[in-house]
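First the structure, in the form of structure tokens, and then the observations on it.
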Amino acid sequence: LKELADHYTAYAEGKTPDTRPAPWQYADYALWEQRQDNTAAKARALEFWAETLRGLPETHLPMKRPEKEFADWKGAEVVIDIAPDLTQSLRNLCREKGTTLFCATVAGFLAVLQHYANRDDVAVGTPVANRVRRRFEDICGCFVNMVTLRPHLDPGASFEEALLRLRDTVHEALAHAEIPFETVVDHLHVDRRAGMHPLFQSVFAFHEAPKAALAFGDASAIIEPAPAITTRFDIELHVFDTGTSLNARLIYARERFEASLMRTMLHGWRQVLHCAASSPDTALRDIELWNDREAADFLNRVNDTASDYPRECTVNDLVGEWVGKTPEAIAITAGDTQISYFEMNKRADLLARRLILEGVRAEEGIAVNLPRSVDFVISLLAVLKAGGAYLPLDPESPAARWRKVLEASGARIILTNVRDAHTFKDIRGLNVICCEGDPVACAEGRPRDHPSWSGAGPASSRHGPSHRQSPGR
């Protein structure tokens with residue numbers, strides 16, 4: 001851009017621009033980089049990255065679609081401004097701690113990622129100009145490299161402690177930034193797969209205010225960021241320093257994340273910066289990501305769940321409607337397991353038939369002791385199809401707790417898995433049905449397409465009280 005501006009200005013003033021070739025070209029840089037391949041410095045750098053990134057976990061944020069359904073990189077963005085007074089307070093904090101505004105803003109970003117990923121060990125990628133040799137500063141070409149920041153921020157540490165920790169992490173990363181990112185990935189033998197960037201899935205980029213405006217003769221130019229048509233990562237937070245304030249753009253994969261979540265995360269980042277500027281001794285885990293107004297607004301929206309629904313229909317009716325409309329559509333996803341509406345309904349019918357043959361009475365409580373899984377959902381649906389009311393037990397509770405709940409409820413049938421079935425065998429009068437996996441083995445006889453249920457209607461009780469509502473025992 002500087003070369004373009006110089007040529008434009010020269011022509012505008014009727015002068016001949018300086019067209020002499022630069023003493024160094026991009027080919028010289030490429031040759032220099034190749035010569036570093038077998039040096040001791042490169043070996044030390046690769047050893048640093050191997051040690052720094054060993055055992056790095058993936059950072060997963062709440063998604064609206066599973067990774068394997070993620071087919072493109074269409075982008076969207078959320079924009080927010082950091083007011084001049086807050087920006088100046090952050091500058092003062094950084095000056096006092098001997099660090100930079102980059103470190104303060106990326107520390108806030110990492111704190112937000114820790115919160116939403118529910119993980120202490122998170123990493124972000126950041127681009128570096130990589131023009132570390134003076135002779136390469138004015139060469140036209142792409143020198144940008146990506147480095148991984150993994151500061152191991154302790155949630156119990158204060159923000160100012162995290163800031164100092166991040167300062168050291170950044171210094172160490174920049175000291176080894178000349179190694180191309182692809183070389184680091186290959187050296188670490190990182191597992192590559194579609195839809196997942198290696199080493200990090202989130203990127204932070206800090207853009208400093210230009211030292212001088214670009215002049216094209218009597219005209220001047222302003223650099224504006226391009227619209228977020230695509231994204232190269234899950235999320236990218238770009239922070240622009242205007243000199244007096246900060247402007248932040250959070251670019252995200254719109255097919256993977258909800259826009260509301262991205263707005264909440266970006267507002268949470270600003271709230272972390274507010275807390276850092278006013279109370280830098282606050283522990284990261286104690287920083288509130290929302291202010292009082294934002295928290296109240298969120299709670300009002302979340303709790304405003306009033307909506308109309310077909311009051312004369314049962315869950316069975318609604319499921320049957322979807323089975324008829326889209327039998328092959330995915331009804332349940334649990335980890336790597338998916339089943340269609342048709343398969344879910346078929347398996348629920350088989351299990352419901354078994355319950356009917358066991359003499360389940362209308363609205364009778366049927367205990368369900370299963371982890372969150374495909375089998376759990378099918379079991380609940382089967383209980384409803386059989387006309388019963390399901391009584392969920394927490395699989396993580398101790399066996400003594402289960403016994404108390406079963407005694408108090410008077411349940412005579414329990415649906416469970418192979419692992420826990422033996423726990424209930426010695427309970428007198430309790431019929432244990434192991435419904436894990438394929439329920440065909442549980443069914444006796446060939447089920448009808450639509451078994452005759454007990455006739456319970458929309459107003460019937462379908463969910464029994466469990467230990468979750470009985471804290472006294």
Is there a side chain to side chain contact (heavy atoms under 4.5 Å, CB included) between Leu284 and Ile287 once you walk through the steps? CA-CA 5 Å; Leu284 295 181; Ile287 295 178; 4.2 Å; yes
Side chain to side chain contact (heavy atoms under 4.5 Å, CB included) for Thr183 and Leu46? Distances and angles first, verdict last. CA-CA 9 Å; Thr183 303; Leu46 287 175; 4.1 Å; yes
Hey, mind stepping through Ile339 and Ile378 against side chain to side chain contact (heavy atoms under 4.5 Å, CB included) and telling me if it holds? CA-CA 11 Å; Ile339 65 170; Ile378 289 174; 3.8 Å; yes
Let's go through Glu161 and Arg165 carefully: what are the C-alpha distance in whole Å and the side-chain angles of both, what is the deciding distance for salt bridge (Lys or Arg N to Asp or Glu O under 4.0 Å) to 0.1 Å, and is it a yes or a no? CA-CA 6 Å; Glu161 291 172 334; Arg165 173 63 185 148; over 6 Å; no
Phe181 vs Phe200, test: ring-ring contact (aromatic ring centres under 6.0 Å, His included). Steps then yes/no. CA-CA 11 Å; Phe181 179 76; Phe200 53 80; 5.3 Å; yes
Side chain to side chain contact (heavy atoms under 4.5 Å, CB included) for Leu164 and Thr99? Distances and angles first, verdict last. CA-CA 7 Å; Leu164 297 177; Thr99 185; 5.7 Å; no
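Residue Phe342 places its CZ atom among 12 or fewer non-hydrogen atoms of other residues, nucleotides or ligands, all under 6.0 Å distant. Heavy-atom neighbours of Asn118 CG from other residues, nucleotides or ligands within 6.0 Å: at or below the threshold of 12. Within a 6.0 Å radius of OH in Tyr8, no more than 12 heavy atoms belonging to other residues, nucleotides or ligands are found.
In summary, the aromatic rings of Phe102 and Phe204 are positioned with their centroids under 6.0 Å apart.
Side-chain contact between Cys103 and Val170 is present, with heavy atoms from C-beta onward closer than 4.5 Å. Contact of the Phe233 side chain with the Met146 side chain is registered, since non-hydrogen atoms from C-beta on lie closer than 4.5 Å. Counting heavy atoms from C-beta on, the side chains of Thr105 and Phe206 come closer than 4.5 Å. The side-chain heavy atoms of Pro280 and Leu163, taken from C-beta on, include no pair separated by under 4.5 Å. Residues Pro151 and Val106 form no side-chain contact, since every pair of their non-hydrogen atoms from C-beta on lies 4.5 Å or further apart. At a threshold of 4.5 Å between non-hydrogen side-chain atoms, the residues Leu381 and Tyr390 do not count as touching. A 4.5 Å side-chain heavy-atom check between Leu110 and Val122 finds at least one atom pair inside the cut-off. Using a 4.5 Å heavy-atom threshold, the side chains of Thr59 and Asp121 count as separate.
For the atom pair Asp394 CG and Leu370 CG, the distance stands at 12.0 Å (nearest 0.5 Å). Once rounded to the nearest 0.5 Å, the distance linking CG of Asn345 with CG of Leu350 reads 10.0 Å. With rounding to the nearest 0.5 Å, the separation of CH2 in Trp49 from NE2 in His187 is 12.5 Å.
Not a single donor-acceptor pair under 3.5 Å links the side chain of Gln114 to the backbone N or O of Arg119. Put simply, the side chain of Thr416 gets close to the backbone of Asn369: a donor and an acceptor are under 3.5 Å apart. Judged purely by atom type and a 3.5 angstrom limit, Ser373 uses its side chain to pair as donor or acceptor with the backbone of Pro371. Within the 3.5 Å criterion, the main-chain N or O of Thr282 finds no donor-acceptor partner in the side chain of Ser279. The backbone N or O of His274 lies less than 3.5 Å from a partner atom in the side chain of Ser278, making a donor-acceptor pair. Judged by distance alone, with hydrogens and angles left aside, the side-chain atoms of Asn145 form no donor-acceptor pair with the main-chain N or O of Pro127 at under 3.5 Å.
Between the side chains of Glu236 and His238, at least one donor N or O sits under 3.5 Å from an acceptor N or O.
A salt bridge links Arg249 with Glu77; the closest basic N to acidic carboxylate O contact falls under 4.0 Å. A salt bridge does not link Asp81 with Arg270: none of the charged nitrogens is closer than 4.0 Å to a carboxylate oxygen. Checked for salt-bridge contact, Glu343 and Lys346 meet the test: a charged N lies under 4.0 Å from a carboxylate O.
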Residues 86-94 side chain polar contacts: donor-acceptor under 3.5 Å, at least two apart:
from  : atom 1 : to     : atom 2 : distance (Å)
Thr87 : OG1    : Ile82  : O      : 3.3
Thr87 : OG1    : Ala83  : O      : 2.9
Gln88 : NE2    : Asn92  : OD1    : 3.0
Ser89 : OG     : Asp85  : O      : 3.0
Arg91 : NH1    : Asp241 : OD2    : 3.3
Arg91 : NH2    : Asp241 : OD1    : 2.8
Arg91 : NH2    : Asp241 : OD2    : 3.3
Arg91 : NH2    : Gly243 : O      : 3.4
Asn92 : OD1    : Arg95  : NH1    : 3.0
Asn92 : ND2    : Gln88  : O      : 3.3

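For Thr242, the side chain to side chain donor-acceptor pair (under 3.5 Å) test picks out Ser245, with sequence neighbours left out.
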